Student: 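Okay, here's the structure, questions in a sec.
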Amino acid sequence: MARRDPPKRFFLGMMGTPYRDETVTTLFRLADAAIAAGSHVDVWCCGGSVHLADASLGAEKPRDISQIEEPSPAPSTAALVTALARRGAGAFQWNICRYCAEEHGVVAPVPEARIRPSLHFVKLMSEADVSLILGRK
Amino acid sequence: MKDRTPEPACLAIIEAGVRGIVEEQFANIIWLSLILRRMRLPLDILLCRDAAQFALIRPAPASTLMIAGTSVATPRYEADIERLQAAGARVYVVVEDLGPEIDAGRALVSGVVPIDRDAAASLIAGARKAWYW
């Protein structure tokens, strides 16, 4: 049986609230796998997920104060967004809904993330070969 | 000199299982309980529902989670429970929530106390303060 080519464009909508379950982990792993397969990936964040790419999160989480002598490396979600963008090399874009960004007080995401007009959600989803919405707003 | 630490009287009930690995990483709810305990908050833990799985000995260390070539710290529930106990906290687990195939006598992290639902109700009723995480 002939092997199917991976979809050219993925659209991953992230509507779930961070910290509640494993949806954000799933999002990052899906995006990483799609990039590795050579696909273009657009992530769209609404609701509480708009803060995942906040520059104020820094590169790493606060230090593990229970293990000062042997801290665990723990990249922030913003650092992971940057890492995905580097791996994607132009084939990955992290998009933040402007309406949600204003509602949640997002002012400065990392440079690899863009605050986009809300209607852009429909445009990006329509352009994708595969669209998947994770969670609920 | 008398120990000024009061007897453990608060009970934190942890019900939701694996959650927020990427967001929390090392700073999961068991870890936070450890930090609070080390700050001398008298705190015991009751693991129930999906979070009962935290009390089980893992057959192997958690696999490494890599995202875009970046290593993500995965939770170390077992080690954190052991450190929590070393800090003086008692850790209870509702045995019915472990599932019928689990032998609580062999599968639990050392020191974790298996209790049934009726005993859990008594434990909550007897706590000075009890809350859900």
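Predicted, not measured: the structure shown is a model, and the values here were computed from it. Side chains are part of it too, since the values below use all heavy atoms of this structure and drop only hydrogens, waters and symmetry mates. Every chain is numbered from 1, with letters handed out A, B, ... down the list of sequences.
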Student: Taking CZ in B/Arg38 as the centre, count heavy atoms belonging to other residues, nucleotides or ligands within less than 6.0 Å. Is the count above 12?
Tutor: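 Yes, enclosed.
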
Student: Looking at side-chain heavy atoms only, is the closest gap between B/Leu65 and A/Thr25 below 4.5 Å?
Tutor: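 Yes, side chains in contact.
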
Student: Work out which heavy atom in A/Glu22 is nearest to a heavy atom in B/Ile21; give both atom names and the distance.
Tutor: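 Scanning both residues, the minimum pair turns out to be OE2-N, 3.0 Å.
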
Student: Under 3.5 Å, is there a donor-acceptor pair between the A/Ser66 and B/Arg83 side chains?
Tutor: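 Per modelled atom types, A/Ser66 and B/Arg83 side chains form a pair under 3.5 Å.
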
Student: Could you tell me which non-hydrogen atom of B/Gln25 sits nearest to which non-hydrogen atom of A/Ala74, and how far apart they are?
Tutor: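 So the two residues come closest at OE1-CA, 3.2 Å.
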
Student: Is any side-chain heavy atom of B/Val72 less than 4.5 Å from a side-chain heavy atom of A/Leu80?
Tutor: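 They are in side-chain contact.
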
Student: For the candidates A/Thr23, A/Leu57, A/Asp32, which exhibits the highest count of non-hydrogen atom pairs separated by less than 4.5 Å from chain B?
Tutor: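 Looking at each of A/Thr23, A/Leu57, A/Asp32 in turn, A/Asp32 comes out on top.
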
Student: Against chain A, label B/Ile35 side chain, backbone, both or neither, depending on which of its atoms sit under 4.5 Å from a heavy atom there.
Tutor: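 Just its side chain gets close to chain A.
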
Student: Tell me the closest heavy-atom pair linking A/Asp64 and B/Trp31, and the distance in Å.
Tutor: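 That would be OD1-NE1, 2.7 Å.
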
Student: Go through B/Ala68, B/Gly20, B/Gly17, B/Ala27 and name the one with the most non-hydrogen pairs under 4.5 angstrom from chain A.
Tutor: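 Answer, by heavy-atom pair count under 4.5 Å with chain A: B/Ala68.
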
Student: If you look at every heavy atom in B/Phe26 and A/Pro62, which pair is closest and at what distance?
Tutor: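 Between these two residues, the closest heavy atoms are CZ-O, 3.0 Å.
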
Student: Can you name the nearest heavy-atom pair linking A/Pro75 to B/Ser71, along with the distance?
Tutor: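 Looking at all heavy atoms of both residues, the closest pair is CD-O, 3.3 Å.
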
Student: Can you tell me if B/Arg117 has over 12 outside heavy atoms packed within less than 6.0 Å of its CZ?
Tutor: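 Counting neighbours around CZ of B/Arg117, more than 12 heavy atoms of other residues, nucleotides or ligands fall under 6.0 Å, so yes.
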
Student: Provide the closest heavy-atom pair for A/Asp21 versus B/Glu23 in the form atom of the first, atom of the second, distance.
Tutor: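 Smallest interatomic distance, heavy atoms only, reads O-OE2, 4.4 Å.
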
Student: According to a 4.5 Å side-chain heavy-atom criterion applied to Ile, Leu, Val, Met, Phe, Trp and Tyr, with indirect links allowed, do A/Leu124 and A/Ile115 form part of one hydrophobic cluster?
Tutor: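 No, because A/Leu124 and A/Ile115 fall into different hydrophobic clusters, even though each may have its own neighbours under 4.5 Å.
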
Student: Could you check which of A/Leu27, A/Thr77, A/Val24, A/Leu52 has the highest count of heavy-atom pairs closer than 4.5 Å to chain B?
Tutor: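 So the answer, after comparing A/Leu27, A/Thr77, A/Val24, A/Leu52, is A/Val24.
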
Student: Check for a donor-acceptor pair, side chain of B/Glu24 on one end and backbone N or O of A/Tyr19 on the other, with a separation under 3.5 Å.
Tutor: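 Looks like no, no N/O pair under 3.5 Å.
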
